[in-house]
Each structure stands twice: as C-alpha cells, then as structure tokens.
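Residue numbers start at 1 and run along the sequence shown. Counting convention: from 1, in listed order, for ligands and their atoms alike. The model shown is predicted, which means the values in this text are computed figures rather than measured ones.
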Amino acid sequence: MTNHSFEDDRRNFLLTIAGSIAALAAGSLPARAQPAGDPPLSLSTIGAGREGGALGALFIKAGHRVMFSSRHPDTLKGLVDELGPLARAGTVAEAVEFGNVVMVVVPYTAMEQIGKDYGNVLAKKVLVIDVSNPIARRDGEEIVKRVDELGGAGLATAKLLPGVHIVRAFNAINYAKLSADAHRQGELVGVPIAGDDPHAVDIASSLIREIGFDPVLIGGLAMGKYLVPGTPLGGEHTAGEIRQIVTNLH
Ligand SMILES: NC(=O)c1ccc[n+]([C@@H]2O[C@H](COP(=O)([O-])OP(=O)(O)OC[C@H]3O[C@@H](n4cnc5c(N)ncnc54)[C@H](OP(=O)(O)O)[C@@H]3O)[C@@H](O)[C@H]2O)c1
C-alpha cells in the first residue's frame with residue numbers, strides 16, 4: 001500500500017518534470033526578471049526529491065543553473081539528463097559550494113545535521129530558502145514538539161542554521177501543483193514568505209516572480225510557523241487572499 005502510493009507520487013513527480021521539459025521544448029522560456037548586468041545566480045537544492053526536484057525544474061525553466069544534490073548523486077542522473085544543460089547533480093557538499101542561493105528541501109529531521117555539516121558555508125550565501133517542514137507522521141512527534149518549543153519552523157531553522165540568511169517559502173504548495181501553478185493565467189498564485197533579512201527577502205521575492213508566482217512577505221521568521229501544511233495559508237491562494245488570511249492570524 002505504502003509502496004503503491006510512493007510509486008504514484010514518483011510517477012506524478014516525473015510527469016511534473018516532463019511538463020517542464022515539454023514547455024522548454026516548446027520554447028516557452030520566460031525572460032529572466034533579474035536586472036540586466038547582474039551576474040546570473042546559481043542555485044542548489046539540498047534534497048532533490050518531489051518538492052526539491054519540481055522547484056529546481058522551475059528555476060531551470062526560468063534560465064538558471066541548478067545543482068540538484070543527493071547523498072547518492074548517481075540516482076539523479078535521469079533527472080538532470082531530462083532537464084538539460086542547465087541542470088547538474090552533485091553531492092550535498094558540492095551543492096552547498098555551488099549555489100549563490102541554496103534551497104533546503106529535506107525532511108526536517110535532517111536540518112540539524114545539515115546545520116552542523118554545512119552551516120558555516122551556508123552562512124556565506126546571500127539566501128537560503130527553507131522549504132522544509134516538521135511533519136509528525138513523517139518526522140515523529142518529538143521533533144514537532146521541539147520545533148514548537150523554539151517558536152515554530154522559522155525560528156527553529158534559524159537556531160539550527162545560525163547566521164544563515166533564511167527565507168521560508170513554498171512550504172505548503174504541493175509539488176505536483178507547482179508546474180501548472182507557475183505563470184498561471186489570470187491572477188498569479190501567491191507564495192507567502194517569511195524572513196528577517198531584507199536583502200535575502202528581496203532576492204527570494206525576485207526569484208519567486210521569475211518562476212511565475214507572486215511573493216507575499218508575511219513577516220519575520222517568527223511568522224514561519226504559519227508556513228507549514230495545515231494552516232490557513234496552506235495550499236494555493238492569491239496574494240490578496242494571503243494578506244487577508246494573515247490579518248486574521250494576529
Ligand atoms: N512533497 C511536497 O509536496 C512538499 C511541499 C512543500 C514542502 N515540502 C517539504 O519539502 C521537504 C521534502 O519533501 P519531499 O516530499 O520532496 O521529500 P522526498 O521526495 O522524500 O525527498 C527528500 C529529499 O531529502 C533528501 N534528504 C533526506 N535526508 C537528507 C540528509 N540527511 N541530508 C541531505 N539530504 C537529505 C533526500 O535525498 P537523498 O537522495 O540523499 O535521500 C531527498 O532528495 C519536506 O520537509 C516537506 O515537508 C514538501
């Protein structure tokens with residue numbers, strides 16, 4: 001049963017990636033929003049599973065170079081081959097070195113070790129996007145309790161990755177929806193974000209616009225506790241809806 005649903009997820013993931021590739025083949029690359037003259041950003045993902053893979057594919061579609069990482073990078077060969085020359089695979093250490101911007105898209109249980117192993121290097125990055133969530137049924141009740149005691153996912157990540165310019169984003173948009181939601185017709189899908197560093201927030205906002213979403217800063221990392229599945233901000237909302245939901249959170 002579990003295997004079956006994992007296989008379904010895997011198939012959906014590959015379909016999501018295939019959709020991105022089809023758009024690439026159709027020549028539908030949107031122009032990069034980065035101001036002319038700025039050096040292009042390199043992005044990395046720590047975690048290239050369902051969400052990390054789908055997000056990385058969107059950044060490739062937007063014209064960025066992306067290194068996807070795994071503790072077993074050989075397993076990513078199919079993914080990077082399909083995504084083309086802007087995609088590459090590496091170890092976690094290689095990805096941490098490679099990206100100007102690093103996305104952390106792992107089960108939250110991995111965050112502490114990532115902080116110990118790579119915290120010093122991550123602290124030198126202009127932006128680390130924290131997409132990870134503590135989820136009781138996957139990560140255990142204990143870690144969820146610990147994160148709550150630290151003030152929720154935003155402040156907990158800041159504690160585990162000290163000195164890192166963190167912005168939480170994309171935490172509660174399902175990987176299978178990302179490709180279709182990007183550059184949606186009509187009003188864009190909003191992405192609520194939380195971060196304490198204004199420069200990191202600016203870069204995150206610009207990147208989010210480039211891949212076809214509308215960023216909405218809901219506050220500092222203390223607000224990151226609302227950026228997890230199961231809160232009123234979870235799922236897809238327009239920017240206006242997000243602002244309305246946030247007024248009711250206070
Ligand atoms: N799935 C979604 O729709 C979704 C949406 C929003 C947010 N998220 C959040 O995103 C995170 C990842 O979810 P997912 O669904 O993408 O999970 P997933 O498909 O199981 O992928 C998890 C990834 O994390 C990596 N990883 C695990 N432990 C690691 C460690 N100690 N060091 C480095 N990498 C490690 C794995 O790489 P290896 O190859 O090395 O095992 C794998 O690539 C979770 O926190 C989840 O809550 C998921």
Side-chain angles (χ1 to χ4, degrees), residues 2-3 5-17 44-58 66-80 83 87 89-99 102-119 121-122 128-140 143-144 147 152-154 156-157 160-161 166-182 189-194 208 211 213 224-231 233-237:
T2 310
N3 283 345
S5 79
F6 176 77
E7 281 308 318
D8 282 351
D9 277 351
R10 204 72 205 161
R11 201 172 306 116
N12 288 338
F13 168 63
L14 290 172
L15 283 172
T16 303
I17 300 294
S44 306
T45 73
I46 305 180
R50 289 165 296 187
E51 186 80 357
L55 269 176
L58 291 184
V66 177
M67 182 181 282
F68 297 86
S69 75
S70 166
R71 293 164 295 176
H72 315 284
D74 289 352
T75 61
L76 300 176
K77 188 175 180 323
L79 172 68
V80 299
L83 287 174
T91 63
V92 179
E94 286 167 341
V96 167
E97 284 295 334
F98 177 83
V102 179
M103 294 180 276
V104 185
V105 203
V106 295
Y108 208 86
T109 40
M111 193 67 81
E112 183 166 11
Q113 194 60 46
I114 287 169
K116 284 181 183 154
D117 294 344
Y118 307 109
V121 189
L122 290 174
V128 170
I129 303 178
D130 173 21
V131 188
S132 307
N133 301 306
I135 305 282
R137 72 184 144 70
R138 182 192 60 210
D139 303 326
I143 193 155
V144 174
V147 167
T157 304
L160 296 169
L161 306 181
I166 300 160
V167 173
R168 273 182 76 73
F170 289 107
N171 305 84
I173 299 183
N174 191 281
Y175 78 97
K177 303 271 184 70
L178 282 171
S179 178
D181 283 349
V189 173
V191 175
I193 64 175
I208 289 167
I211 61 170
F213 292 86
K225 65 184 175 186
Y226 295 112
L227 302 185
V228 291
T231 80
L233 285 169
E236 287 109 324
H237 307 280

J.: Just jot down the ligand 1 atoms closer than 4.0 angstrom to any heavy atom of Tyr175, in number order.
T.: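 With Tyr175 as reference, the close atoms of ligand 1 come out as 1 (N), 2 (C), 3 (O).
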
J.: Which ligand 1 atoms are under 4.0 Å away from a heavy-atom of Phe170?
T.: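 Atoms satisfying the 4.0 Å criterion: 6 (C), 7 (C).
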
J.: Near Ser132, which atoms of ligand 1 are under 4.0 Å from a heavy atom of that residue?
T.: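 The list of qualifying atoms is 45 (O).
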
J.: Less than 4.5 Å apart, any side-chain heavy atom of Tyr108 and any of Val144?
T.: no

J.: Do Thr45 and Glu51 come close enough that some side-chain heavy atom pair is under 4.5 Å?
T.: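 Thr45 vs Glu51: side chains apart.
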
J.: Ignoring hydrogens, what is the shortest heavy-atom contact between Gly234 and Ala172? Give both atom names and the distance.
T.: CA-CB, 3.6 Å

J.: Can you tell me if Val131 contacts ligand 1 (heavy atom of the residue under 4.0 Å from the ligand)?
T.: yes

J.: Heavy atoms only: which of Leu76, Val106, Ile135 is nearest to atom 35 (C) of ligand 1?
T.: Val106

J.: Considering non-hydrogen atoms only, spot the tightest contact between Ala89 and Leu76 and give its length.
T.: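 Where Ala89 meets Leu76 most closely, the heavy atoms are CB-CB, 3.8 Å.
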
J.: So if I count the atoms of ligand 1 from 1 in the order they appear, which ones are less than 4.0 Å from some heavy atom of Pro107?
T.: 22 (C), 24 (O), 27 (C), 45 (O)

J.: What I want to know is whether Asn133 and ligand 1 share at least one N or O pair that is separated by under 3.5 angstrom.
T.: yes

J.: Once side chain to side chain contact (heavy atoms under 4.5 Å, CB included) is applied, do any residues pair with Val191, and if so which ones, sequence neighbours excluded?
T.: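 With neighbours one apart ignored, the set is Ala169, Phe170, Ile173, Ile193, Ile208, Phe213.
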
J.: Which atoms of ligand 1 sit under 4.0 Å from any heavy atom of Ala48?
T.: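 Here the atoms of ligand 1 in question are 43 (O).
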
J.: Could you tell me whether Asn171 approaches ligand 1 through its side chain, its backbone, both or neither, with non-hydrogen atoms closer than 4.0 Å?
T.: backbone

J.: Could you report the tightest heavy-atom contact between Ala57 and Leu83, atom names first, then the distance?
T.: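 Taking Ala57 first and Leu83 second, the nearest heavy atoms are CB-CD2, 3.9 Å.
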
J.: Under a 4.0 angstrom heavy-atom cut-off, which atoms of ligand 1 come close to Ala110?
T.: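 So the atoms of ligand 1 that pass are 28 (N), 29 (C), 30 (C), 31 (N).
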
J.: What residue among Val131, Asp130, Asn133, Ile46 forms side-chain contact (heavy atoms from CB on, under 4.5 Å) with Val105?
T.: Val131

J.: For atom 18 (P) of ligand 1, which of the options Arg50, Glu51, Gln113 provides the nearest non-hydrogen atom?
T.: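 It is Arg50 whose heavy atom sits nearest to atom 18 (P) of ligand 1.
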
J.: Do you know the tightest heavy-atom contact between Pro134 and Asp139?
T.: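 Reported closest heavy-atom pair: CA-OD2, 3.5 Å.
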
J.: Quick one: does Ile173 get a heavy atom under 4.0 Å from ligand 1?
T.: yes

J.: Any non-hydrogen side-chain atom of Ile135 less than 4.5 Å from a side-chain atom of Pro229?
T.: yes

J.: So is Arg138 in contact with ligand 1, going by heavy-atom distances below 4.0 Å?
T.: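 Yes, that is the case, since the closest heavy atom of the residue is under 4.0 Å from the ligand.
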
J.: Under 4.0 Å from a heavy atom of Gly47: give me the atoms of ligand 1 that qualify, with their elements.
T.: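 Near Gly47, the atoms of ligand 1 are 23 (C), 24 (O), 25 (C), 43 (O).
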
J.: Might you work through the side chain to side chain contact (heavy atoms under 4.5 Å, CB included) test for Ile114 and Leu122, ending with a clear yes or no?
T.: CA-CA 9 Å; Ile114 287 169; Leu122 290 174; 4.0 Å; yes

J.: Could you say whether the N/O atoms of Arg71 and ligand 1 ever approach to under 3.5 Å?
T.: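 Such a contact does occur with ligand 1.
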
